[in-house]
Amino acid sequence: MSDPFRIDGQRALVTGANTGIGQAAAIGLAERGAHVLAAGRSSCADTVALIEEAGGSAEAFAMDLADPATGAARLAEAGPLDILVNNAGIIRRADAQDFAEDDWDAVLDVNLKAVFLLCQGFARQALARGAGGRIVNIASLLSFQGGIRVPAYTASKHGVAGLTKALANEWAGKGINVNAVAPGYIATNNTTALREDPVRAGEILGRIPAGRWGDPADIAGAVAFLCTPASGYVTGAVLNVDGGWLAR
Ligand code: NAP
């Protein structure tokens, strides 16, 4: 009997796979049988080593998305892909009235424009060879909420949710499922500033029904599910993985 939660032999590219949620997602896909291209602007050697030590298959793949077009053009070197996980993202914090235009551009470029160009490049390749595929974009609670002192990040993540639905709608009939995972508050580099602020950290923890911050591995399971045959009829969804934050 085939296991609908396995993706043996499929080729998956994960952006920002050197650390945090991207590293966990890469490991999660490899655990389910995928060959992972661990893509990053920083070395992904640690991620590859973790996967190989566990008996999985992976390779490091250089991809800097600060210039989205140049970064997305790297897809042409990746070979055929079945799965794309758009995880790379940055956050810049400042009061909205002081928020710098350069910071706005940097955040929108990595978090939204690069996501679109990578989705487009992935789909062009898949459609050209008559294949389907799976795309998972990493959204955020700030795909739904306003956040504090992060206007560009919030705009970009609302954009990711909208883009996910727009592309799902266009490509559902062509065999490409496009979904997003919206992590809650996860202990990674992205949230160091929040966790080091005792007031904000206390406010956040006190509002999470699960009573704890999330771990990158909490997100990896949801990402993997959205890449397996088990989720074949799921597309255009934004799946909250937030310890109940948005249910509150
Ligand atoms: P993280 O540890 O800061 O990871 C961000 C990843 O994006 C890193 O691999 C980083 O590479 C990569 N990246 C940044 N700029 C890049 C560029 N120009 N080109 C290629 N890669 C680049 O934080 P994380 O929490 O794991 O974040 C992963 C995703 O989850 C992001 O999209 C983030 O917005 C989202 N998210 C996180 C949380 C949370 O609570 N942590 C909540 C909601 C959504 P470097 O290491 O080289 O900088």
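Note that these values count all heavy atoms, side chains included, but never hydrogens, waters or copies made by symmetry.
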Show me the side-chain donor-acceptor pairs of residues 158-166 shorter than 3.5 Å, one per line, residues at least two apart or across chains.
{"residue": "His158", "atom": "ND1", "partner": "Leu142", "partner atom": "O", "Å": "2.8"}
{"residue": "His158", "atom": "ND1", "partner": "Thr154", "partner atom": "O", "Å": "3.1"}
{"residue": "His158", "atom": "NE2", "partner": "Ser143", "partner atom": "O", "Å": "3.4"}
{"residue": "Thr164", "atom": "OG1", "partner": "Asn137", "partner atom": "ND2", "Å": "3.1"}
{"residue": "Thr164", "atom": "OG1", "partner": "Val160", "partner atom": "O", "Å": "2.7"}

Sequence neighbours left out, cut at 3.5 Å: what donor-acceptor pairs do the side chains of residues 105-124 make with other protein atoms?
{"residue": "Asn111", "atom": "OD1", "partner": "Ile90", "partner atom": "N", "Å": "2.9"}
{"residue": "Asn111", "atom": "ND2", "partner": "Ile90", "partner atom": "O", "Å": "2.9"}
{"residue": "Asn111", "atom": "ND2", "partner": "Ser156", "partner atom": "OG", "Å": "3.2"}

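Residue pairs satisfying the side-chain hydrogen bond (donor to acceptor under 3.5 Å, both in side chains) criterion with at least one member in residues 220-244, sequence neighbours excluded, are listed as follows: Arg134-Ser231. Note on residues 55-112: no pairs pass ring pair (Phe, Tyr, Trp, His ring centres under 6.0 Å), not counting sequence neighbours. Every pair passing side-chain hydrogen bond (donor to acceptor under 3.5 Å, both in side chains) that includes a residue from residues 9-25 is listed here, sequence neighbours excluded: Gln23-Thr47.
Grouped with Leu141 in one hydrophobic cluster are Phe144, Tyr185, Leu194, Ile204, Leu205, Ile208, Trp213, Val238, Trp245, Leu246, the linkage being side-chain heavy-atom contacts under 4.5 Å among Ile, Leu, Val, Met, Phe, Trp and Tyr residues. Val85 shares a hydrophobic cluster with Phe5, Ile7, Val14, Ile21, Ile27, Leu29, Val36, Leu50, Ile51, Ile83, Val136, Ile138, Val181, Ile186, Ile219, Val223, Phe225, Leu226, Val234, Leu239, Val241; the chain of contacts runs through ILVMFWY side chains whose heavy atoms sit under 4.5 Å apart.
Remark: Cys44 SG to Glu59 CD distance equals 11.0 Å, nearest 0.5 Å.
Among residues two or more places apart in sequence or in another chain, the salt bridge (Lys or Arg N to Asp or Glu O under 4.0 Å) test is passed with Asp95 by Arg149. Legend: residues meeting side chain to side chain contact (heavy atoms under 4.5 Å, CB included) with Asp8, ordered by chain and number and at least two apart, are Arg6. Remark: Arg212 pairs with Asp218 by the salt bridge (Lys or Arg N to Asp or Glu O under 4.0 Å) rule, at least two apart or across chains. Take Arg200 and apply the salt bridge (Lys or Arg N to Asp or Glu O under 4.0 Å) test, not counting sequence neighbours, and it matches Glu203. Every residue two or more places apart in sequence or in another chain that forms a salt bridge (Lys or Arg N to Asp or Glu O under 4.0 Å) with Arg92 is listed here: Asp103.
Between the Asn87 side chain and the Ala17 main chain, no donor and acceptor come within less than 3.5 Å of each other. A donor-acceptor contact shorter than 3.5 Å links the side chain of Arg248 to the backbone of Arg207.
Between Asp82 and Arg129, at least one side-chain nitrogen of the basic residue sits less than 4.0 Å from a carboxylate oxygen of the acidic one, meeting the salt-bridge criterion.
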